Amino acid sequence: MNYNETQLIAIKDFLYKIADDQLIIGHRNSEWTGLGPLVEEDIAFSSIAQDKIGQAQHIYEILHSLGEADADTIAFTRSAADFKSCHLVEYPIGEYDFSLMRNFLFNHAEKIRFEMLADTSLEQLGKLARKYRGEIKYHTMHADTWVKQLGRANEESHARMQTALNETFNLALGIFEESEYAGELKKMGIFEGEVILQQKWIEAITPILEAATLVIPDKNTWQPVYGGRKGYHTEYLEPMLVEMGEVFRLDPKAEW
Amino acid sequence: MYGNAQIDSKDKAKSLTEGEDPIKLAEFEARIIRGEKIEPKDWMPAAYRKQLIRMIEQHAHSEIIGALPEGTWITRAPGFRRKLALMAKVQDEVGHAQLLYSAAETLGKTREDMINDLINGKSKYSNVFNYPAMTWADTAIIAWLIDAGAIINQVTNSKGSYGPYCRALERICSEESFHLKYGHDNVVFLSTGTQQQREMVQDALNRWWTPIMHFHGPPDKVSQHTEVLMRWKVKMASNDDMRYRFLDEYVPKIWDLGLTIPDPKLRKNEETGVWDYTEPDWEEFKRVINGDGPCNKERLQVRRWAEEKGAWVRRALLKAESKYTIPLA
Ligand SMILES: [Fe+2]
Ligand SMILES: [Fe+2]
Ligand SMILES: [Fe+2]
């Protein structure tokens, strides 16, 4: 399909946002390697992280086919202001409750996003979305199981998970920061929009949190943390990117 | 001392077979001679159980601690291909720890007890992981040559007599062969790359040569204990034997890449077929294994941090009725 300039900008913005989220959360989750609360969780977090980073790479490859730099250059040399990730994924791993709750909220949004993208008019993306459904199903299954277990196991774990939910919820709402190109994307049949995604997300997470005896913060208190999609980031992103690119940037022309 | 049996010098027992029922012992040894595997519920001498627990436990600790030096480079790996491969590799190592803790548990020591002994310094892990991975090239050298050393050790031990350990090792070895390929590919890229890359990898080899030579442990003392452990197929080869096998297979490959090994004496004696080399500093080995290496404190601190931070998660998995029972015969 041939796109005009505005359409192309809209598409790229959309793809960057998705891929940057995946890369950053994948990178964060990989920081658990060797540090998990159980070796089994260490392994699970790594699998999930590998999937996310692999997905990011494939979406960057679509961007490359649309005229952007190659995937490695995109991921390993941009500075924070060029990233479109939401703040939720940028925060350090913190403790396991925080990381797990972040995964839970993020994975559900992502799962629904890819479901919505299964029949997008952007065929390359649709193909990936259909392919990823299998992988992401396990990511949400993993998070659901743990959220339910820890939400109900004992007083301590319940309190921790409720606190983690309170801490991450407004950040998670930031996933759905609407793009200025939303209308364009809808018109082209690429994506229906963040508002619908957010509604579906609430519907998906509510029963699981209920089963976990956890309470979603009152709607009147919701304060979505926006800015990431426009290049305004937490203080944590830039150092993370510096670390990520440390070796690659020694000589971006070299083959590693 | 990855998984190779070490004789505990503090072991006061005059003989490993002291106090054992001679008839049962004879039967046990006959089974081993016939090549049968010993299984968890089978009768076994107390010293056999003790040695195996120590060996498998140390091996498991080596996997989980071994995840740390390379793990710190996951966040810095250059490019998607390397990042994903390193993640998968380190994940495998943690998986090996899981398999090995399970194998050791069949002998009657719980995972909790093993991990407690690790973080309070009572049980050891492979000495090499007390050295830092200073640059990206160090991770390449580790993945290639430390994993190569581990494969030699593990293939040898997989022919041992204890069933659960052998089966775990067989699975581990098939994954290790991927690590080796990954590490080798990495070293090939660096040693055929830019001048900066070539220098990086040569420096890393220089740093790691002593730990690599230490890897299979000091030359064994000839003792009755060693003899018995060999007869029981707990110890499958001498440390020097494994070191020779390593040198025989990998030194030519290292030289092929144009790298220099920092030992002017290293060469194969064509008449005897034996490798001549400078003995690595075994005093350093002793110092490091007893806690005074460049990273011992850091490694255990990180492990302790992980255990403490994760304690609430493990508590939340316990149900009163599911208390652990030791599967002793
Ligand atoms: Fe793996
Ligand atoms: Fe391993
Ligand atoms: Fe390995």
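A note on names: the letters A, B, ... follow the listed sequences, proteins ahead of strands, and every chain is numbered from 1. From a predicted model like this one, the values you see are computed outputs, not experimental measurements. These values consider heavy atoms only, across backbone and side chains, with no hydrogens, waters or symmetry-generated copies.
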A:Glu90 and A:His87 side chains, donor-acceptor separation under 3.5 Å: no
Criterion side chain to side chain contact (heavy atoms under 4.5 Å, CB included) on A:Gln149 and B:Leu317, from CA distance to verdict: CA-CA 8 Å; A:Gln149 171 72 22; B:Leu317 293 176; 3.9 Å; yes
Criterion side chain to side chain contact (heavy atoms under 4.5 Å, CB included) on B:His59 and B:Asn157, from CA distance to verdict: CA-CA 11 Å; B:His59 190 173; B:Asn157 280 331; 6.0 Å; no
Contact leader toward chain B among A:Thr33, A:Thr73, A:Ile53, where contacts are heavy-atom pairs under 4.5 Å: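 Looking at each option in turn, the highest pair count goes to A:Ile53.
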Chain B interface, residue from A:His27, A:Arg160, A:Arg28 that has the most non-hydrogen pairs under 4.5 Å: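 Option with the top pair count is A:Arg160.
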Side chain / backbone / both / neither for [X] at chain A, heavy atoms under 4.5 Å:
{"X": "B:Arg82", "result": "side chain"}
{"X": "B:Arg303", "result": "side chain"}
{"X": "B:Ala140", "result": "neither"}

CZ on B:Arg207 to CE on B:Met134, rounded to 0.5 Å: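 Here the interatomic distance stands at 5.0 Å.
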Atom pair NE2 (A:His139) and CG (A:Asn29), whose distance is rounded to the nearest 0.5 Å: 9.5 Å
Inter-chain contacts: residues 248-256 of chain A against chain B, heavy atoms under 4.5 Å: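 A:Phe248, A:Leu250, A:Asp251, A:Ala254, A:Glu255, A:Trp256 fall under the 4.5 Å cut-off.
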Residue-level interface, residues 35-48 of chain A with chain B, non-hydrogen cut-off under 4.5 Å: A:Leu35, A:Gly36, A:Pro37, A:Leu38, A:Val39, A:Glu40, A:Asp42, A:Ile43, A:Ser46, A:Ser47
Residues in residues 177-185 of chain B that sit under 4.5 Å from chain A, counting heavy atoms only: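 At a heavy-atom separation under 4.5 Å, chain A is reached by no residue of residues 177-185 of chain B.
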Contact residues of residues 194-201 of chain B (partner chain A; heavy-atom separation under 4.5 angstrom): B:Thr194, B:Gln196, B:Gln197, B:Met200
Check: B:Ala103 main-chain N/O paired with B:Thr106 side-chain donor or acceptor under 3.5 Å: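 Yes: the side chain of B:Thr106 pairs with the backbone of B:Ala103.
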A:Lys52 vs A:Glu135, salt bridge (charged side-chain N to carboxylate O under 4.0 Å, His left out): CA-CA, chis, key distance, verdict: CA-CA 9 Å; A:Lys52 304 272 188 229; A:Glu135 288 179 5; over 6 Å; no
